[in-house]
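Let me begin by presenting the structure, written as structure tokens, before commenting on it.
In this text, all values refer to a predicted model and were calculated from it rather than measured experimentally. Residue numbers start from 1 in every chain, and the chains themselves are labelled A, B, ... in the order their sequence lines are given, proteins ahead of strands. Just the heavy atoms: all of them, side chains too, but no hydrogens, waters or symmetry mates, feed the values below.
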Protein chains: 2
Amino acid sequence: MALGKDYSTQQCSIARALEIVGERWTLLVVRDAFYGVRRYNDFLSHLGVPRAVLATRLKSLEQAGILEKRRYQESPPRDEYVLTERGIALWPVVRSLGVWGREHIEGVLPMRVFTHAACGTELGSYGECPACGTAVPPRDVEMLPGRGLDPDPDNPVGRALLAPRRLLLPIETDRV
Amino acid sequence: MALGKDYSTQQCSIARALEIVGERWTLLVVRDAFYGVRRYNDFLSHLGVPRAVLATRLKSLEQAGILEKRRYQESPPRDEYVLTERGIALWPVVRSLGVWGREHIEGVLPMRVFTHAACGTELGSYGECPACGTAVPPRDVEMLPGRGLDPDPDNPVGRALLAPRRLLLPIETDRV
DNA sequence: CATGGTGAGTTCGTTCATTGAACCTTCAGC
DNA sequence: GCTGAAGGTTCAATGAACGAACTCACCATG
């Protein structure tokens with residue numbers, strides 16, 4: 001989306017939301033953050049986004065209070081990007097997009113399956129648990145690889161995401 | 001989003017979905033379609049989108065099977081754009097974006113309030129009816145103007161959206 | 001001490017999309 | 001025959017995205 005990105009004529013919270021998360025790549029960065037990606041280079045290799053664009057998006061997500069940049073080692077100084085509560089609140093958006101893509105684009109097989117970790121039930125369209133009848137917070141969501149997933153063995157992040165995992169827990173990349 | 005729009009490296013239904021609805025303006029067109037906007041000029045004046053962009057978006061939404069172009073009069077031939085079932089299935093996406101925008105962007109007041117028409121209860125964050133405990137399909141949703149709405153008296157579409165309305169029913173613009 | 005490698009960026013020229021204004025077309029009504 | 005409305009298309013200018021190359025700070029190795 002353009003950086004002349006304001007839908008300024010719009011009296012609408014949807015438009016306000018899209019000004020922040022509606023730019024190209026932004027929601028995919030957020031998705032990866034849910035998957036446990038936290039480091040610049042991991043986002044880079046998993047998304048295939050140009051470096052300059054990634055840097056811009058991380059910066060604006062941080063300014064919007066969706067990601068928090070935190071130092072995880074001094075010397076050399078290294079930061080990781082973690083979802084804030086405001087970022088975690090985007091889960092229904094990410095989830096409903098994924099459901100729609102799977103159900104309404106032809107030829108899309110389930111790539112990843114999301115279940116309520118407590119009971120093992122697959123989540124509904126908004127990320128709720130049909131069995132328990134409650135909204136499942138992302139921390140209680142288990143992600144499993146689906147039938148449609150055709151992994152890229154060359155990508156360490158992709159490899160790490162093959163195992164069942166809790167959302168938001170940091171990935172362990174067995175870097176080569 | 002760029003028309004070099006493929007997130008081609010992404011094995012992911014979210015990425016597939018964003019290839020279709022992730023471009024600039026697209027989701028706002030869909031939102032307006034939920035609100036009952038159907039005509040080219042109404043989209044144009046309500047969105048403030050450049051004409052060329054609107055034409056492109058309507059075309060790609062039609063190709064994606066989200067909007068259907070249907071003739072509503074011959075001579076002069078006039079078409080309207082209506083959401084298909086696949087388009088209506090985007091409601092959770094639109095709804096969750098609106099909820100997030102209202103709750104997580106500072107200074108955003110509720111612009112529009114959505115209730116379950118059958119019982120009058122305001123929808124929950126997931127688009128469900130808290131009273132009835134069921135997901136409410138868009139056709140059963142009533143939209144009312146909210147406190148934060150500051151209407152533009154010059155816009156016929158904006159005026160039409162001031163009255164309480166069912167989603168998806170066509171607006172009546174008292175064109176001047 | 002020189003060399004190489006890694007993580008996290010920035011710079012830069014090219015390509016591509018968005019913008020806004022102007023123009024075009026078909027028809028209806030007067 | 002003129003005017004106006006609806007629904008577009010065309011065009012030049014601007015602004016983002018892209019991808020490759022470069023920077024910089026630090027650590028490890030010989």
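By the side-chain hydrogen bond (donor to acceptor under 3.5 Å, both in side chains) test, Asp79(B) is found to be paired with Arg71(B), residues two or more places apart in sequence or in another chain being considered. For Gln63(A), there are no side chain to side chain contact (heavy atoms under 4.5 Å, CB included) partners two or more places apart in sequence or in a different chain. The side chain to side chain contact (heavy atoms under 4.5 Å, CB included) check on Arg70(A) picks up Arg38(A), Glu68(A), Glu80(A), Val82(A), with sequence neighbours excluded. Residues forming a salt bridge (charged side-chain N to carboxylate O under 4.0 Å, His left out) with Arg166(B) (at least two apart in sequence, or on another chain): Glu142(B).
Listed by first and then second residue, the side-chain hydrogen bond (donor to acceptor under 3.5 Å, both in side chains) pairs that reach into residues 145-157 of chain B come to none, sequence neighbours excluded. Sorted by first then second residue, the side-chain hydrogen bond (donor to acceptor under 3.5 Å, both in side chains) pairs that include residues 120-139 of chain A, not counting sequence neighbours, are Glu85(A)-Arg139(A).
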Show me the donor-acceptor pairs within less than 3.5 Å that the side chains of residues 92-100 of chain B make with the rest of the protein, sequence neighbours left out.
{"residue": "Arg95(B)", "atom": "NH2", "partner": "Leu123(B)", "partner atom": "O", "Å": "3.3"}
{"residue": "Arg95(B)", "atom": "NH2", "partner": "Gly124(B)", "partner atom": "O", "Å": "2.9"}
{"residue": "Ser96(B)", "atom": "OG", "partner": "Ser96(A)", "partner atom": "OG", "Å": "3.4"}
{"residue": "Ser96(B)", "atom": "OG", "partner": "Pro92(B)", "partner atom": "O", "Å": "2.8"}
{"residue": "Ser96(B)", "atom": "OG", "partner": "Val93(B)", "partner atom": "O", "Å": "3.1"}
{"residue": "Trp100(B)", "atom": "NE1", "partner": "Arg86(A)", "partner atom": "O", "Å": "3.0"}

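For the contact set between residues 71-83 of chain A and DNA chain D, defined by any heavy atom under 4.0 Å, the members are Ser75(A), Pro76(A).
Residue Lys59(A) places at least one side-chain N or O closer than 4.0 Å to OP1 or OP2 of dT10(C). Distances shown here put a side-chain N or O of Lys69(A) below 4.0 Å from the OP1 or OP2 atom of dG9(C). OP1 or OP2 of dA16(D) has not a single side-chain nitrogen or oxygen of Trp25(A) nearer than 4.0 Å. Contact between the side-chain N/O atoms of Arg57(B) and the OP1/OP2 oxygens of dT18(C) is found at a separation under 4.0 Å.
Between the CZ atom of Phe43(B) and the P atom of dG7(D) there is a distance of 11 Å, given to the nearest Å. The CG-C1' distance, from Asn41(B) to dA5(D), rounds to 8 Å in whole Å. Here the C1' atom of nucleotide dT18(C) and the CG atom of Leu54(B) are 13 Å apart, to the nearest Å. Spacing between atom CG of Asp42(A) and atom P of dT6(C) amounts to 14 Å, rounded to whole angstrom units. Between Arg38(A) atom CZ and dA8(C) atom P the separation is 13 Å, expressed in whole Å. Rounded to whole Å, the distance from CG on Leu44(B) to P on dA21(C) is 12 Å. Between the CG atom of Leu47(B) and the P atom of dT19(C) there is a distance of 11 Å, given to the nearest Å. Between the C1' atom of dA5(D) and the CZ atom of Arg39(B) lies a distance of 11 Å, rounded to the nearest Å.
Relative to the axis of its first five pairs, the axis of the last five pairs of the helix from dC1(C)-dG30(D) to dC30(C)-dG1(D) sits at 10°, rounded to 10 degrees.
A salt bridge links Arg16(A) to Glu19(A): one of the charged nitrogens lies within less than 4.0 Å of a carboxylate oxygen.
With rounding to the nearest 0.5 Å, the separation of OH in Tyr81(B) from CD1 in Ile66(B) is 14.5 Å.
Distances from the side chain of Arg24(B) to the nucleotides dG7(D), dT18(C), dT10(C) place dT18(C) closest. In this structure, the nucleotide among dG19(D), dA8(C), dG7(D) sitting nearest to the side chain of Arg51(A) is dA8(C).
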